[in-house]
Asker: 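Dropping a structure here in structure tokens format, bear with me for questions.
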Amino acid sequence: EPEVTQTPSHQVTQMGQEVILRCVPISNHLYFYWYRQILGQKVEFLVSFYNNEISEKSEIFDDQFSVERPDGSNFTLKIRSTKLEDSAMYFCASSERGGVGGYTFGSGTRLTVV
Amino acid sequence: QKEVEQDPGPLSVPEGAIVSLNCTYSNSAFQYFMWYRQYSRKGPELLMYTYSSGNKEDGRFTAQVDKSSKYISLFIRDSQPSDSATYLCAMRNGNSGYALNFGKGTSLLVT
């Protein structure tokens with residue numbers, strides 16, 4: 001069964017550093033998303049991406065965050081100047097159409113900011 | 001009022017029991033409803049996807065949506081120890097955007 005692949009599975013970074021989280025969505029999917037889950041809290045939407053541009057973003061997704069599809073297969077989330085409160089699981093997801101039929105999530109990257 | 005409310009549990013049931021998991025929501029614009037299963041430190045795995053009121057069955061799972069009451073349920077028949085996980089309801093607006101709104105999840109333990 002096709003899956004969304006995320007790397008790395010765990011990243012530790014120093015406060016103030018920049019991190020890039022990487023995702024390979026399912027190949028025939030056109031819509032891509034990033035979500036995060038702070039330990040013990042609900043999964044929260046960050047951003048959706050379609051046709052090489054952001055289609056929707058949440059209040060969480062401020063200037064500290066950016067997304068990019070650098071080539072035909074990868075989808076990245078960059079977090080600049082990381083803060084302790086950025087520590088969370090970050091999930092990439094993709095969907096064939098705009099969420100019709102559901103979204104497939106990756107296994108996540110656990111980001112720890114120290 | 002939170003948009004999506006879900007009792008976090010934990011819910012503990014014996015093997016073979018019927019499990020009922022529920023969510024309520026406040027936004028009448030939500031039109032698409034999903035249930036995800038999440039194992040510890042893993043990504044959510046889609047179990048059920050519905051977009052209309054009524055029941056949808058898939059194997060041991062039945063999803064139920066009541067839009068008039070803003071209430072959705074997931075039933076698991078003949079529960080197995082492998083069903084032990086956190087179950088997340090998720091829903092999204094039918095008119096604009098693709099962002100999912102998640103419940104906090106219900107932790108289920110089947111023993």
Side-chain angles (χ1 to χ4, degrees), chain A residues 1-7 9-10 21 23-26 29-51 54-61 88-112, chain B residues 1-10 21 23-27 29-52 56 58 61 63 65 72 74 85-107:
Chain A
E1 188 169 330
E3 58 181 30
V4 174
T5 305
Q6 288 187 245
T7 55
S9 57
H10 186 199
L21 309 183
C23 169
V24 179
I26 293 173
H29 284 187
L30 301 177
Y31 295 78
F32 315 117
Y33 315 87
W34 284 101
Y35 286 79
R36 80 172 183 190
Q37 185 176 32
I38 295 171
L39 188 63
Q41 298 188 25
K42 66 178 183 177
V43 177
E44 299 175 291
F45 170 75
L46 293 178
V47 66
S48 62
F49 191 86
Y50 170 71
N51 201 24
I54 291 173
S55 53
E56 187 180 5
K57 60 182 181 179
S58 72
E59 294 174 350
I60 303 168
F61 194 89
M89 284 287 284
Y90 288 81
F91 295 109
C92 175
S94 67
S95 64
E96 188 173 356
R97 291 173 284 167
V100 175
Y103 305 65
T104 303
F105 282 78
S107 290
T109 293
R110 182 155 60 103
L111 176 65
T112 302
Chain B
Q1 184 182 13
K2 294 177 183 175
E3 281 201 306
V4 182
E5 302 258 20
Q6 185 175 10
D7 187 336
L21 305 166
C23 285
T24 58
Y25 62 96
S26 58
N27 190 342
F30 288 151
Q31 297 292 320
Y32 300 91
F33 306 92
M34 284 146 267
W35 285 96
Y36 284 86
R37 177 173 61 196
Q38 186 177 30
Y39 294 112
S40 181
R41 298 194 180 276
K42 296 293 185 184
E45 173 193 359
L46 181 66
L47 291 175
M48 300 291 280
Y49 171 88
T50 58
Y51 56 87
S52 59
K56 180 178 179 180
D58 185 358
F61 299 94
V65 173
I72 68 170
L74 177 71
T86 296
Y87 289 79
L88 311 173
C89 64
M91 48 199 77
R92 74 169 182 90
N93 197 311
N95 300 321
S96 62
Y98 306 114
L100 288 180
N101 292 269
F102 280 86
K104 204 170 178 182
T106 299
S107 176

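Order of the sequence lines sets the chain letters (A, B, ...), proteins ahead of strands, with each chain counted from 1.
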Asker: Would you mind checking which part of L46(B) comes under 4.5 Å of any heavy atom in chain A, side chain (CB onward), backbone (N, CA, C, O), both or neither?
Answerer: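 Contact with chain A involves the side chain of L46(B) alone.
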Asker: Between S107(B) (side chain) and G9(B) (backbone), is there a donor-acceptor pair under 3.5 Å?
Answerer: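 No; zero donor-acceptor contacts below 3.5 Å.
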Asker: For Y32(B), is it the side chain, the backbone, both or neither that has a heavy atom under 4.5 Å from a heavy atom of chain A?
Answerer: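 Interface part for Y32(B): neither.
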Asker: Is there a side-chain contact between N101(B) and Y25(B), using heavy atoms and a 4.5 Å cut-off?
Answerer: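 In short, these two side chains do not touch, never coming nearer than 4.5 Å.
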Asker: Side-chain contact test, heavy atoms from C-beta onward, threshold under 4.5 Å: evaluate it for Y103(A) versus R92(B) and give yes or no.
Answerer: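 In contact.
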Asker: Please classify the contact of E45(B) with chain A as side chain, backbone, both or neither, using a heavy-atom distance under 4.5 Å.
Answerer: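 Neither; nothing under 4.5 Å.
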Asker: Return the option, out of K42(B), Q6(B), Q38(B), with the maximum number of heavy-atom pairs under 4.5 Å with chain A.
Answerer: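 If we count pairs closer than 4.5 Å to chain A, Q38(B) comes out on top.
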Asker: Relative to chain A, which segment of Y49(B) carries a heavy atom at a distance below 4.5 Å: side chain, backbone, both, or neither?
Answerer: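 Side chain only.
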Asker: Look at R110(A), E44(A), Q41(A) and state which one has the largest set of heavy-atom pairs under 4.5 Å with chain B.
Answerer: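 The answer is R110(A).
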Asker: Heavy-atom distances under 4.5 Å only: say whether Q37(A) touches chain B with side chain, backbone, both or neither.
Answerer: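 When you check distances to chain B, only side chain atoms of Q37(A) fall under 4.5 Å.
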Asker: Taking the side chain as every heavy atom from C-beta outward, state whether V4(B) and K42(A) have any atom pair closer than 4.5 Å.
Answerer: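 They are not in contact (no side-chain heavy atoms under 4.5 Å apart), so the answer is no.
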Asker: Can you classify the ring geometry of F45(A) versus Y35(A) as parallel (below 30°), tilted (30 to 60°) or perpendicular (above 60°)?
Answerer: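 The rings of F45(A) and Y35(A) stand perpendicular, inter-plane angle above 60°.
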Asker: Is there a ring pair (Phe, Tyr, Trp, His ring centres under 6.0 Å) between Y98(B) and Y33(A)? Walk through the geometry before answering.
Answerer: CA-CA 9 Å; Y98(B) 306 114; Y33(A) 315 87; 7.0 Å; no
Asker: What part of Y36(B) lies closer than 4.5 angstrom to a heavy atom of chain A: side chain, backbone, both or neither?
Answerer: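 Contact with chain A: side chain only.
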